[in-house]
Amino acid sequence: MSNVAEGDRRRRSSVAWQAKARSRALGAPFYKRPVLEVAEAMLGCVVRHGPTAGVIVETEAYHDSEAACHAHVGVTPRTHILFGPPGRAYVYRSYGIHALLNAVCEREGVGAAVLIRALEPLEGRAAMARRRGVAPEARRLASGPGNLTRALGISLRDNGAELTRPPLTIEPAPAPRRFRVATGPRIGITRAVELPLRFWIAGHPGVSR
DNA sequence: CATGGGATTGACT
DNA sequence: GTCAATCCCATGC
C-alpha cells in the first residue's frame with residue numbers, strides 16, 4: 001500500500017471516530033447532579049479516547065465536603081478545574097508516576113468529581129496493549145486508575161478537556177444495564193476512609209483488587 | 001524557596 | 001506482606 005493511500009485511510013478513519021464520538025457523547029447535564037448519582041450512573045458507560053474505548057466497571061465519588069477530595073482545600077491552581085463547570089476532565093499526577101482520570105460533576109462552584117478506576121476494553125485493544133507494554137490477549141488491560149489512562153493514552157495534557165466532545169468523551173451504556181451495583185469504601189486513601197463512595201459492577205473481573 | 005505527601009503499580013520477600 | 005519509583009503542588013517560612 002502506498003504512503004498516500006495509507007494516509008488517506010488513516011484520515012478517513014479518524015474523521016469517522018470523531019463524528020461517532022461527537023454524536024454519542026453524554027452532555028453536561030449528565031454530570032450536573034449529585035456526584036454519588038453520577039458515579040453510579042457511569043457504570044456501564046463507555047470512555048472513548050480516539051480509536052480506543054472501554055466500558056466503565058468501577059468508579060469513586062469525591063466531594064469538597066470530605067477530606068479525601070483534592071477540592072477540600074478550596075480553589076487552588078490544582079483544584080480550579082474541580083470547581084469549574086461539569087463535564088470536564090480532571091487529570092492529575094499520582095505518586096509522581098500515573099495520570100488519574102476524573103469527570104467533574106455538580107454545578108459550577110462545587111468541587112466534585114468521579115474517579116474512573118477500571119475499564120473493560122471495548123475497542124482498540126491492540127493499541128491499549130501496545131501502550132501498556134503487554135500482550136494483546138492479556139487480561140485486565142485497563143484495570144486500575146493508572147493503568148486505564150496509560151491504555152487509553154490519557155495524560156496531564158487532557159486536564160480540563162471537555163468530555164462532551166472528541167477526542168475524549170464518555171458515552172451512554174451500549175447495552176442494557178443488566179448488572180448489580182456494589183458499593184464500599186474507596187481504595188488507597190488516607191482520609192475519610194470509611195465513606196462508602198466506591199461503586200463497581202458486582203462480580204466483574206476487571207474491578208481492581 | 002524548601003519540604004513532604006499522595007485517589008498507584010509492579011517487583012520482590 | 002514490604003518497598004521504591006517519581007513529580008505536582010499545597011504549605012510554611
Side-chain angles (χ1 to χ4, degrees), chain A residues 31 34-43 45 47 49 54 56-84 86 88-106 110-121 128-161 163 168 170 181-201 204-209:
Chain A
Y31 304 96
V35 67
L36 289 204
E37 207 177 303
V38 183
E40 176 165 355
M42 279 174 62
L43 294 176
C45 293
V47 179
H49 188 221
I56 299 171
V57 301
E58 182 185 1
T59 60
E60 285 178 358
Y62 288 84
H63 188 276
D64 60 32
S65 61
E66 43 90 10
C69 182
H70 291 169
H72 191 60
V73 299
V75 180
T76 67
R78 179 194 215 187
T79 65
H80 79 276
I81 296 288
L82 285 168
F83 287 95
R88 289 187 180 164
Y90 169 58
V91 184
Y92 73 97
R93 170 124 6 251
S94 171
Y95 290 94
I97 301 170
H98 310 285
L100 269 54
L101 172 65
N102 298 253
V104 174
C105 295
E106 309 220 3
V110 176
V114 173
L115 170 69
I116 302 172
R117 288 192 58 91
L119 304 177
E120 175 186 327
M128 292 190 205
R130 208 177 315 120
R131 293 188 183 118
R132 288 284 321 281
V134 300
E137 58 273 12
R139 296 212 261 220
R140 306 171 57 81
L141 262 184
S143 291
N147 286 335
L148 79 87
T149 54
R150 178 167 289 270
L152 293 207
I154 293 165
S155 72
L156 294 202
R157 294 205 305 279
D158 297 301
N159 190 31
L163 296 171
L168 178 57
I170 301 181
V181 175
T183 67
R186 294 170 294 184
I187 290 181
I189 56 174
T190 57
R191 291 173 290 192
V193 293
E194 71 289 351
L195 300 178
L197 300 182
R198 176 169 169 252
F199 301 83
W200 67 95
I201 293 179
H204 195 287
V207 173
S208 55
R209 323 190 296 154

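Residue numbers start from 1 in every chain, and the chains themselves are labelled A, B, ... in the order their sequence lines are given, proteins ahead of strands.
To the nearest 0.5 Å, the span separating CD1 on A/I187 from CZ on A/R209 amounts to 11.0 Å. Atoms CG and CG, on A/N159 and A/L100 in that order, are 12.0 Å from each other to the nearest 0.5 Å. Interatomic distance, A/L152 CG to A/R132 CZ, rounded to the nearest 0.5 Å: 11.0 Å. In this structure, SG in A/C45 is found 11.5 Å from CG in A/L119, a value given to the nearest 0.5 Å. Between the CD1 atom of A/I154 and the NE2 atom of A/H98 there is a distance of 15.0 Å, given to the nearest 0.5 Å.
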Run the side-chain contact (heavy atoms from CB on, under 4.5 Å) check on A/V134 and A/L141 step by step: do they pass?
CA-CA 8 Å; A/V134 300; A/L141 262 184; 3.4 Å; yes
Is there a side-chain contact (heavy atoms from CB on, under 4.5 Å) between A/V110 and A/H63 once you walk through the steps?
CA-CA 8 Å; A/V110 176; A/H63 188 276; 3.6 Å; yes
May I have the step-by-step check of side-chain contact (heavy atoms from CB on, under 4.5 Å) for A/N102 and A/I116, ending in yes or no?
CA-CA 6 Å; A/N102 298 253; A/I116 302 172; over 6 Å; no
Using the rule given for side-chain contact (heavy atoms from CB on, under 4.5 Å), can you reason through A/L115 versus A/T59, listing the C-alpha separation, both sets of side-chain angles and the distance that settles it, and then say yes or no?
CA-CA 6 Å; A/L115 170 69; A/T59 60; over 6 Å; no
Map every base of DNA chain C to its dot-bracket character, where paired means a Watson-Crick or G-U wobble contact with both distances under 3.5 Å and | marks a partner outside the strand.
|||||.||||||.
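Using a 4.0 Å cutoff to heavy atoms of chain A, the contacted part of DNA chain B runs 5' to 3' from B/dG6 to B/dG10. Extent of DNA chain C lying under 4.0 Å from chain A heavy atoms, first and last nucleotide in 5' to 3' order, is C/dA5 to C/dT11.
For A/L156, the side chain to side chain contact (heavy atoms under 4.5 Å, CB included) partners are A/V91, A/R93, A/A99, not counting sequence neighbours. With sequence neighbours left out, A/Y92 forms a ring pair (Phe, Tyr, Trp, His ring centres under 6.0 Å) with A/H70, A/Y90. Residues passing the side-chain hydrogen bond (donor to acceptor under 3.5 Å, both in side chains) test with A/T183: none are found, sequence neighbours excluded. For A/R198, the salt bridge (Lys or Arg N to Asp or Glu O under 4.0 Å) test picks out A/E58, with sequence neighbours left out.
Using a 4.0 Å cutoff on non-hydrogen atoms, the parts of residues 62-78 of chain A near DNA chain C are A/V73, A/T76, A/P77, A/R78, ordered by number. DNA chain C is contacted by no residue of residues 128-140 of chain A, taking any non-hydrogen atom closer than 4.0 Å. Heavy-atom distances under 4.0 Å link DNA chain C to A/Y95, A/G96, A/I97 of residues 94-105 of chain A, given in residue order.
For residues 142-155 of chain A, no pair satisfies side chain to side chain donor-acceptor pair (under 3.5 Å), with sequence neighbours left out. Pairs engaging residues 60-81 of chain A under the salt bridge (charged side-chain N to carboxylate O under 4.0 Å, His left out) rule: A/E60-A/R117, A/E66-A/R186 [sequence neighbours left out].
Pairing each heavy atom of A/L148 with each of A/A142, the nearest pair is CB-O, 3.3 Å. Shown here for A/E106 and A/V35, the closest heavy-atom pair between the two residues is OE2-N, 2.7 Å.
Rounded to a whole angstrom, the distance from the P atom of C/dC3 to that of B/dG5 is 16 Å.
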